[in-house]
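Only one structure is covered here, and it is reproduced in the block below.
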Amino acid sequence: MAELIEAITVALSSGTNPVTAIREATGYTIEQLAVTSGLAEAELVDLEAGSVDQVRLTRLASALGLPESVVTQ
């Protein structure tokens, strides 16, 4: 878990969108992440495009077992 959080943190520090950083660090496609998180693919696409919806971001982190602080804006 520490390695995953470190990979996400590094991506975030380089300006990567939080959802994209999480998805890439976990190796998910958008389709796979939608199934795992219970969010619609369109919701994930919106989040990756920069939409800020803290409820959805928190739900995503929770579904992946990540601390909420990873997605807190």
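On a predicted model such as this, the values are computed, not experimentally measured, just so you know.
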message = Using side chain to side chain contact (heavy atoms under 4.5 Å, CB included), reason through L64 and L33 one step at a time and then give a plain yes or no.
response = CA-CA 9 Å; L64 295 172; L33 190 54; 3.8 Å; yes
task: Kindly determine whether L66 and L4 satisfy side chain to side chain contact (heavy atoms under 4.5 Å, CB included), including the steps that lead there.
output: CA-CA 9 Å; L66 298 170; L4 178 60; 3.6 Å; yes
Next on the checklist: Checking T36 against T26 for the side chain to side chain contact (heavy atoms under 4.5 Å, CB included) test, could you report, in this order, the C-alpha distance in whole Å, the side-chain angles of both residues, the deciding distance, and whether it holds?
Outcome noted: CA-CA 11 Å; T36 299; T26 57; over 6 Å; no
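The CG atom of L39 lies 4.5 Å from the CZ atom of R59; values are rounded to the nearest 0.5 Å. Y28 OH to L60 CG: the interatomic distance, rounded to the nearest 0.5 Å, is 9.5 Å. With rounding to the nearest 0.5 angstrom, the OG atom of S13 is 12.0 Å from the CD1 atom of I8. With values rounded to the nearest 0.5 angstrom, R23 atom CZ is found 11.5 Å from L47 atom CG. We find the OG-CD1 distance between S69 and I5 to be 7.0 Å, quoted to the nearest 0.5 Å. Atom CZ of R56 is separated from atom OG of S37 by 10.5 Å, given to the nearest 0.5 angstrom.
Looking at T16, its side chain does come within 3.5 Å of a backbone N or O of A11 through a donor-acceptor pair. Formation of a donor-acceptor pair under 3.5 Å by the T58 side chain with backbone atoms of Q54 is found in this model. Judged by distance alone, the side chain of E24 and the main-chain N or O of A21 form no donor-acceptor pair under 3.5 Å. Judged by distance alone, the side chain of E48 and the main-chain N or O of V45 form no donor-acceptor pair under 3.5 Å.
Within a 6.0 Å sphere centred on CD of E3, heavy atoms belonging to other residues, nucleotides or ligands number 12 at most. For CD of E68, the number of neighbouring non-hydrogen atoms (other residues, nucleotides, ligands) closer than 6.0 Å is 12 at most.
Looking at every heavy atom in both residues, A25 comes nearest to A7 through CB-CB, 4.2 Å. Residues V19 and N17 share a closest heavy-atom pair of N-OD1, 2.8 Å.
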